[in-house]
2 protein chains.
Amino acid sequence: MAKAKIKADISTEEKIKEAARKVFTQKGYAATRTRDIAEEAGINLALLNYYFRSKEKLFEIIILEKMQILFGKIGPTIMNEGTSIEEKVELVAEHYIDTLVSNPDIPLFVLGEIKNNPDKFAKLIKTKTNITNSALFRQLAERRPDIDPLHFIFNMLGLVIFPFIGKPLIQLITGLEQQKAAALMNERKRLIKTWFVAMLEAP
Amino acid sequence: MAKAKIKADISTEEKIKEAARKVFTQKGYAATRTRDIAEEAGINLALLNYYFRSKEKLFEIIILEKMQILFGKIGPTIMNEGTSIEEKVELVAEHYIDTLVSNPDIPLFVLGEIKNNPDKFAKLIKTKTNITNSALFRQLAERRPDIDPLHFIFNMLGLVIFPFIGKPLIQLITGLEQQKAAALMNERKRLIKTWFVAMLEAP
DNA sequence: AAATTTTTTAATCAAATGATTAATACACGA
DNA sequence: TCGTGTATTAATCATTTGATTAAAAAATTT
C-alpha cells in the first residue's frame, strides 16, 4: 500500500502535471484519456494514480490553475478604487491578451467546464471576487446610470476573450494564419480601450 | 439484417433526434453516452443504432443543424449589398439574440466542437460564406481603412455571442437570475447597434 | 388471415478506460 | 552493504460504453 509521497520527485510529478495541462485544456475533461496524459508525459499509467489518486483529482488541480490564470488578476484590477474605468479596461485588456496569446485554449476550456459543472466551482469563485461590489461596477453605474453595468462587463470580457474562443471558426472561414491572428490580438490591446470608451459615451 | 427504413416512423426517429439535441448540446460529444440519449428519448438503446447507425452519425446530424442555426442567417445578412453597416449589425444582433435566448447552449457547443475537430467542418463552412468577400467586410474596410475589418467582425460576434458563453460564469459570480439574464439579452439587441456605431467612429 | 416487412426489445459482445495490485528497481541513510 | 522507504513497471480488474444479434412484436401487404 504505497501511497504517501514524502519525498516528491519533482521531475515526474511535474511531467504529469505538464502533460495534463496540455491534454485537458486541449480536449476537455470528458475527451481526455488518462492514457493520453501518461503517454504525453512519457510515464507509466499507474504513476498518474500513484501521484494524483485519480483523473478527477488531477483535473481539479489543473483547472484551478487555469482558472487562476484566467480570473486571477481581474479581481484586484476591477476592485482598485484608485484607477479610472479607462485605466482598468486598459489593464485588463493588456494583461489578458498577453496571457491568452500564450494560452489560447484556456477560455473555451474553463468556460466549458464551468458550464458542465457549475456547482463544483460555485463556492470557489463566488467568494473570491464579487463583481457586483467592485469599484468598476460602481464607476460604470455612475458614468452610465441608464445602462446596467453588467452590459459593460460583458462587453469588456467579450472584446477581450471572444476572439480566442471564435478563432478556430474564423481561421476556418477566412484562412487566417496563426501569425496574423497573434498580430491582430496585439492590436486589440490598444483598440479595446478606445472602443470601450466610445461605447461608454454612446448616445 | 434489418437496416433499411423505407417507411420512417417519424415519431421514434424524431424522439431520438430531440433527445440527441438536448444531450449533445448540453454535454458535448465526448461526455455524451448513447445510453443518456436513449433514456432521454425513452427508447431502447438499440434503436439509436437502428435509425442512425452510430453515435458519430447522429452527432453529425445534430451539430449540422445547430451550425445552421448559429451561422445560417449571418451569411445572407452580411452579403447583402443593399444594406448599411448599421442595418446589418442591427439585423444580426436582433436575429441572433432572439435565437440564442431560446438556444443558449449552442455557441459553446458549436465553437467547442469546431475547435476539437476543425478538419471535419473545414469544407462545410469554408465554401458556404467567405466573410472576407462579404459586403460587410468591404463596407468596414471603406469606413475604417485604418483598422482591420476582422476586428469589427470579432467585435460584432463578441458582443452578440459572448454573453451566452460567459453566462454560466457570470451567474456564478453575481447570482444573476435566469429572468434578468433574458431581459439583459433583450436590451442588448438595441444597444449593440449603438455600441457598434460608436466603435466605428472611435478615434 | 397468411405472409412479409418493419419496428422494438433483451441479451450480449468487444473494446476502451479508470483504477489497482504485486512485483521489481532505485535511492539513500544506518 | 544491508535495510527501509520510495518510485516505477507490467499485468490485471471491474466497469463503462458503443455496437450487434437474434428473437419477438407490431404494422403492412397480399
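Heavy atoms only: backbone and side chains are in, while hydrogens, waters and symmetry mates are out. Just so it is clear: chains get the letters A, B, ... in the order the sequence lines come, proteins before strands, and each one is counted from 1.
- Ion pairing between A/R21 and A/E14 holds under the 4.0 Å rule for side-chain N and carboxylate O.
- Remark: the backbone N or O of B/T99 is paired with a side-chain donor or acceptor of B/N103 at under 3.5 angstrom.
- A salt bridge links B/K120 and B/E60; the closest N-O separation between the charged side-chain nitrogens and carboxylate oxygens is under 4.0 Å.
- Here the nucleotide nearest the side chain of B/Y51, chosen from D/dT8, C/dT8, C/dA19, is C/dT8.
- Side-chain atoms of B/Q26 and A/K115 include no donor-acceptor pair closer than 3.5 Å.
- Under a 4.0 Å N-O distance rule, the pair A/K27/A/D36 qualifies as a salt bridge.
- Here A/E94 does not pair with A/K73 in a salt bridge; the nearest charged N to carboxylate O distance is not below 4.0 Å.
- Of the candidate nucleotides C/dA19, C/dT7, C/dT9, C/dA19 has the atom lying nearest to any side-chain atom of A/N49.
- Of all nucleotides listed (C/dA19, C/dT8, D/dT8), C/dT8 comes nearest to the side chain of B/L47.
- For the pair B/L48 CG and C/dT7 P, the computed distance is 15 Å after rounding to whole Å.
- The side chain of A/N44 contributes an N or O atom lying less than 4.0 Å from OP1 or OP2 of D/dA10.
- In this entry the distance linking CZ of B/F52 with P of C/dT7 reads 12 Å, nearest Å.
- At a threshold of 4.5 Å between non-hydrogen side-chain atoms, the residues A/F24 and A/I37 count as touching.
- When only modelled atom types and interatomic distance are considered, B/R188 and A/N155 share a side-chain donor-acceptor pair under 3.5 Å.
- Residues from residues 28-42 of chain B that place a heavy atom under 4.0 Å from any atom of DNA chain D, listed by number: B/T32, B/R33, B/T34, B/R35.
- Remark: nothing in residues 54-63 of chain B comes within less than 4.0 Å of DNA chain C through any heavy atom.
- Within 4.0 Å of B/L45, counting heavy atoms only, lies at least one base atom of the nucleic acid.
- When rounded to the nearest whole Å, the span between CD1 of B/I43 and C1' of D/dA25 equals 17 Å.
- With hydrogens and angles left out, the side-chain atoms of A/T83 and A/K88 include a donor and acceptor closer than 3.5 Å.
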